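What follows is a single structure, written as structure tokens, with notes after it.
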Amino acid sequence: MIPRLRPDLGWEELAAALRISSSGDVARFEAAFAREMGQNHAVAFPYGRTGLMLLLEALGLSGREVIVPAYTCVVVAHSVMLSGNRPVFVDCPATDFNMDLDAAESLVTERTGALIATSIFGYPVDLDRLERIRRRHPQLAIIQDCAHSYGARWKGRPVNREGVAAIFGINISKLITSIFGGMVTTDDEGLAARLRELRRARVREPGLSKTVKRLAYLVAVYPAFTRALYPLVHGLQHAGWLDRFVRYYDEARIDMPSDHLVGMTDVEARVGLVQIRRYREILETRLRRAEAWRRLLAGVPGIELPPAVEGATYSHCVGLVADRNAWAEAWARHGVELGTIIDYTIPGMAAYRNMAPGEFPNSTRFAGHIVNFPLGYDVPENVRKGVMPVHAASAGQ
Ligand SMILES: *Cc1c(COP(=O)(O)O)cnc(C)c1O
């Protein structure tokens, strides 16, 4: 069975993790990350969400409204709440997974402190429209959430550089990984200094126990996503045995992991350093696989593929289908596990429902019908030869 995701980790990463090293690995990872992303500063955090929370604080925002997509990772809204601000949710347009920027602009008031632009699934946010918003509302902090997009480009311009700062998630489900971890990049020296100051004040130095936990997690990841062992992992996941490891939210609670203020370990930074060095190769492999899937699925009835977008980086290769469970079952019988990211809207979750009245019809449709095709392995031979589930060859939507 081909798992829905697999981090692109080789022996070099494992060797780097196990190496005894003098300190300074986190700073080295930050420098390499900033250079690869073409920015002056990168500041590392235990999670992307910790970075976003402290970024909002570093921007001096408190008691303000922050405009965020309704259709994005729920940890974004949690970061806004726990920074002492309030999210204002915006639906997607009918044909695009990214937040509707016209609707977003119409929600800007004197209470608004920031707007979090997101390039969901690696589809670049429209930087021309964003630039118009920035010109009309110069007081608004525009933050790029690049956890899905990394170096996605809009008309050749990398999205991460078009805002006051960008945040990245670097866990095993992202384009590159440092086991866990997050990064904030910026070209603003003062902001970088404030972020480091806040980190010094609020994030504890990691101890030996976190290092050991992260190492153990990394070592477990290698066999877990091999084709031979994955069926077992898949079974345990379905039985709920791995919830402690794979569930990243509880729909009724606004919280963060208990170690969200315990710093990135040197082990994570060393793995991240190898990954950032391999970043372009990893990205090219993903692009090639996403394009192969999209070519194969283009003629298949019953699936709606988003149009190709120049500069997209495909954190996920997605399509929309009427009956997601039927598709997942049929593909599983063909040895392919489909993912279902993102299968919720944030304002539809119990924790946010009362805070966000209104309808989010496009986000809701995407949440209910999205499937992701795996990018951690090449498209399997049988599928490449046109052997596909029966429903895919016949059923209409
Ligand atoms: C993963 C992710 C983040 C940050 O995630 P962490 O798990 O906190 O590192 C932020 N935004 C989006 C859209 C994400 O997918």
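The first residue of the sequence shown is numbered 1, and numbering continues consecutively from there. What you see is a predicted model, and the numbers here were worked out from it, not measured in a lab.
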Distance from Ile67 atom CD1 to Ile133 atom CD1, nearest 0.5 Å? 8.0 Å

What I'd like to find out is whether the side chain of Tyr150 reaches to under 4.5 Å of the side chain of Ser315, using heavy atoms alone. no

Distance-minimising heavy-atom pair for Glu110 and Arg64: O-NH2, 3.8 Å

Parallel, tilted or perpendicular: ring planes of His234 versus Tyr230, cut at 30 and 60 degrees: tilted

If I compare all heavy atoms of Cys92 with all of Asn362, which pair ends up nearest, and what's the gap? O-ND2, 2.8 Å

So for atom CZ, which belongs to Arg204, do other residues, nucleotides or ligands contribute more than 12 heavy atoms lying within a distance under 6.0 Å? no

Salt-bridge contact Glu131-Lys155 (side-chain N to carboxylate O under 4.0 Å): no

So which atom in Ser149 and which in Ser119 form the shortest heavy-atom distance, rounded to 0.1 Å? CB-CB, 3.4 Å

Tell me whether Val383 shares a hydrophobic cluster with Ile2, the cluster being built from Ile, Leu, Val, Met, Phe, Trp, Tyr side chains joined at under 4.5 Å. no

Between Glu13 and Thr177, is there a side-chain heavy-atom distance shorter than 4.5 Å? no

Search all heavy atoms of Leu59 against all heavy atoms of Ile143 and return the closest pair with its distance. CD1-CD1, 4.0 Å

Within one Ile-Leu-Val-Met-Phe-Trp-Tyr cluster: Phe360 and Val90, side-chain cutoff 4.5 Å: no

side-chain contact (heavy atoms from CB on, under 4.5 Å) assessment of Cys317 paired with Arg294: CA-CA 8 Å; Cys317 176; Arg294 288 174 52 83; 4.0 Å; yes

Taking the side chain from Asp25 and the backbone from Arg270, do they hold a donor-acceptor pair closer than 3.5 Å? no

Judged by atom type as modelled, is there a donor-acceptor pair below 3.5 Å linking the side chain of Asp187 to the main-chain atoms of Gln39? no

Got a sec: does the CZ of Arg280 have more than 12 other heavy atoms crowding it under 6.0 Å? no

Main-chain N/O of Ala44 paired to Arg199 side chain as donor or acceptor, under 3.5 Å: yes

Among side-chain atoms of Asn85 and Ser83, is any donor-acceptor pair under 3.5 angstrom? yes

So with a 6.0 Å cut-off around CZ of Arg288, is the heavy-atom count from everything else above 12? yes

Phe97/Ile370 under side-chain contact (heavy atoms from CB on, under 4.5 Å): CA gap, chis, key distance, verdict: CA-CA 11 Å; Phe97 298 113; Ile370 199 120; 3.7 Å; yes

Could you measure the distance from the CZ atom of Phe121 to the CD1 atom of Ile341? Nearest 0.5 Å is fine. 8.0 Å

Can you establish whether the number of heavy atoms outside Glu310 located under 6.0 Å from its atom CD is more than 12? no

Just wondering, do Thr118 and His148 contact through their side chains at under 4.5 Å, heavy atoms? no

Between the main-chain N or O of Ile179 and the side-chain N or O of Glu268, is there a donor-acceptor pair closer than 3.5 Å? no

Of all heavy-atom pairs linking Val262 and Pro206, the shortest is CG1-CA, 3.7 Å

Would you say the ring centroid of His78 lies under 6.0 angstrom from that of Tyr352? yes

Are Val74 and Leu56 connected in the hydrophobic side-chain network, where two residues link if heavy atoms are under 4.5 Å apart? yes

Please answer whether the main-chain N or O of Ala114 pairs with a side-chain N or O of Thr112 as donor and acceptor at a distance below 3.5 Å. no

Can you name the closest pair of heavy atoms from Pro124 and Arg153 and give their distance? CG-O, 3.3 Å

Please round to the nearest 0.5 Å and tell me the distance separating atom OH of Tyr279 and atom CG of Asp8. 13.0 Å

In terms of side-chain geometry, is the basic nitrogen of Glu36 or Arg278 positioned less than 4.0 Å from the acidic oxygen of its partner? no

In the single-linkage hydrophobic clustering (I, L, V, M, F, W, Y; side-chain heavy atoms under 4.5 Å), do Leu215 and Trp11 co-cluster? yes

With a 4.5 Å heavy-atom cut-off, do Asn171 and Lys174 have their side chains touching? yes

Note, Glu337 side chain near Pro374 side chain (heavy atom, < 4.5 Å): no

dist Lys213:NZ -> Leu208:CG (nearest 0.5 Å) comes out at 11.0 Å

Is there a donor-acceptor contact under 3.5 Å from the side chain of Arg353 to the main chain of Gly348? yes

Does any non-hydrogen side-chain atom of Phe225 lie less than 4.5 Å from one of Ile172? yes

Taking the six-membered ring for Trp, are Tyr344 and Tyr71 closer than 6.0 Å centroid to centroid? no

NZ/NE/NH1/NH2 to OD/OE distance under 4.0 Å, Arg295 and Glu291: no

Worked check of salt bridge (charged side-chain N to carboxylate O under 4.0 Å, His left out) between Lys210 and Glu205: CA-CA 10 Å; Lys210 180 169 178 180; Glu205 286 291 322; over 6 Å; no

So, do Leu195 and His41 sit near enough that their side-chain heavy atoms are less than 4.5 Å apart? no

Rounded distance [0.5 Å steps], CG in Leu375 versus CG in Leu287: 9.0 Å

Worked verdict on Ile346 versus Met355 for side-chain contact (heavy atoms from CB on, under 4.5 Å): CA-CA 11 Å; Ile346 307 178; Met355 209 181 298; over 6 Å; no

Using a 3.5 Å distance criterion without hydrogens, assess whether the side chain of Arg196 forms a donor-acceptor pair with backbone atoms of Val43. no

Does the Asp188 side chain pair with the main chain of Val164, one donor and one acceptor, at a distance under 3.5 Å? no

Kindly check if the number of other-residue, nucleotide or ligand heavy atoms within 6.0 Å of CD (Gln139) is above 12? yes

Should Arg194 and Glu197 count as an ion pair when the cut-off is N to O under 4.0 Å? no

Kindly compute the distance separating CZ (Arg286) from NE2 (His316), expressed to the nearest 0.5 Å. 7.5 Å

Tell me whether Tyr222 contacts the main-chain N or O of Gly10 through its side chain, where contact means a donor paired with an acceptor under 3.5 Å. yes

Please check if Met99 and Leu107 belong to a single hydrophobic cluster, counting links between Ile, Leu, Val, Met, Phe, Trp and Tyr side chain heavy atoms closer than 4.5 Å. yes

For a quick check under 3.5 Å, do Tyr47 and Asp259 share a side-chain donor-acceptor pair by atom type? yes

So do Trp327 and Ile303 actually touch side chain to side chain, heavy atoms under 4.5 Å? yes

Is the backbone N or O of Asp91 less than 3.5 Å from a side-chain atom of Ser363, with the two atoms forming a donor-acceptor pair by type? no

Going through the distances and angles, do Arg35 and Ile276 end up as a side-chain contact (heavy atoms from CB on, under 4.5 Å)? CA-CA 10 Å; Arg35 201 175 321 119; Ile276 201 77; over 6 Å; no

Between Glu105 and Arg132, does the salt bridge (charged side-chain N to carboxylate O under 4.0 Å, His left out) criterion hold? Intermediate values first, please. CA-CA 10 Å; Glu105 184 172 10; Arg132 284 202 293 277; over 6 Å; no

Quick test of your reading of the model: are Asp266 and Arg19 salt-bridged, counting only N-O distances below 4.0 Å? no

